[in-house]
Amino acid sequence: MKTRIYRNPVGVSKYTGLALISPFIIGAVLFIIYPFTASFITGFTSDGISVENFRNIFSDGRIKASAAVTLKYTIILVPLKLAVSLGVALLLNMELKGIGIYRTAFYIPSILGANLAVIIMWQYLFTSGGLVNQLLEKAGLSPVSWYGDPDAALFIIVLLRLWEFGSAMVIFLAALRDIPRELYDAAKVDGCGRLRCFFSVTIPQIKNIIFINLVLQTIAAMQEFSAPYMITNGSPLGSTRTVGMLIYEEMFTYGDEVTANAVSWLLFVFIAAVIFLMYRLTGISGRKQK
């Protein structure tokens, strides 16, 4: 019986491919699989393997408060960000001279992100004598204690993330440019105006993209950490302390790695449940494009 020899473009050994991808495998084991496994085990470990850690979490007032802040922040930010990014994408989809410059300009805030320079600028804008209060006084309105009022402090963080709408805008813009022009022409022939075209043509054509952006923005919002940490540090009275901040404090301020890992896994499970519920309610998963 003739022996078949395995051949490929980079060598005759059947182990060549495995050797080539071995750096990725090693990296995945060391930096993904091992940390996930160790975190999961640590979350159950407190004087032995036990689920008591997770039970204690549900009776901890600080954790409940942080979860409420995270949910409130997500519910406020995500719809606003989707609306703003879609609105700007519609404007940037117009064929105007120099439109590429405007597209770049609107995307720049997302590149900058919540870096130190932006945070310093943001803090200055909303101090008691900052530019925002100065403008309010010029308009005859009373200045706002942005860092002393819980709702105002959360608004600062929401506004910062809303300013960084570029990534969602780019996804919407790509989807808008893929809509066949013939659909709009046919709608106009039928007597549809711009508003009717938007709801009857644009929205149905990009509904899957809207859902993708909804999922991405929800995941990002529920993991929020850097903006409240750098701007308000959870103040006033923990009203801007998200679950991400709580995990950081438990781990690096109080040295409670058990609680930190347990909360991390609960957050992971909760986000997964929310995304699964979105899929079930919208019915988009498994729906074939025609």
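Worth saying up front: this structure is predicted, and the values here are computed from it rather than measured.
The shortest non-hydrogen separation linking Met245 to Gly234 is CE-N, 3.6 Å. Nearest approach of Pro236 to Gly148, heavy atoms of both residues: CG-O, 3.7 Å. For the pair Met230 and Gln123, the tightest heavy-atom approach, listed with the atom from each and the gap, is O-NE2, 2.9 Å. Of all heavy-atom pairs between Trp146 and Asn133, the closest is NE1-OD1, 3.1 Å.
Counting only distance, with no hydrogens or angles, the side chain of Glu249 and the backbone of Tyr254 share no donor-acceptor pair below 3.5 Å. Listed for the Ser66 side chain is no donor-acceptor partner under 3.5 Å among the backbone atoms of Ile63. Side-chain atoms of Thr282 come within 3.5 Å of backbone atoms of Met278 as a donor-acceptor pair (strictly under, hydrogens ignored). A donor-acceptor pair under 3.5 Å is absent between the side-chain atoms of Ser39 and the main chain of Phe36, judged by distance alone. Although no hydrogens or angles enter the test, the distance criterion places no donor-acceptor pair under 3.5 Å between the side chain of Arg161 and the main chain of Ala221. A donor-acceptor pair under 3.5 Å is absent between the side-chain atoms of Ser200 and the main chain of Cys197, judged by distance alone. Panel note: side chain Thr240, backbone Ser235; a donor-acceptor pair is recorded below 3.5 Å. A donor-acceptor pair under 3.5 Å is absent between the side-chain atoms of Lys64 and the main chain of Ser59, judged by distance alone. Judged by distance alone, with hydrogens and angles left aside, the side-chain atoms of Trp122 form a donor-acceptor pair with the main-chain N or O of Ile156 at under 3.5 Å. In this structure a side-chain-to-backbone donor-acceptor pair under 3.5 Å is missing from Asn261 to Phe40.
To the nearest 0.5 angstrom, Thr232 atom OG1 is 8.5 Å from Tyr147 atom OH.
At least one side-chain heavy atom of Phe270 sits less than 4.5 Å from a side-chain heavy atom of Leu71.
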**OP:** Could you please spell out the steps behind the side chain to side chain donor-acceptor pair (under 3.5 Å) verdict for Thr202 and Tyr184?
**Re:** CA-CA 9 Å; Thr202 304; Tyr184 291 106; 2.7 Å; yes
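For CG of Leu277, the number of neighbouring non-hydrogen atoms (other residues, nucleotides, ligands) closer than 6.0 Å is greater than 12.
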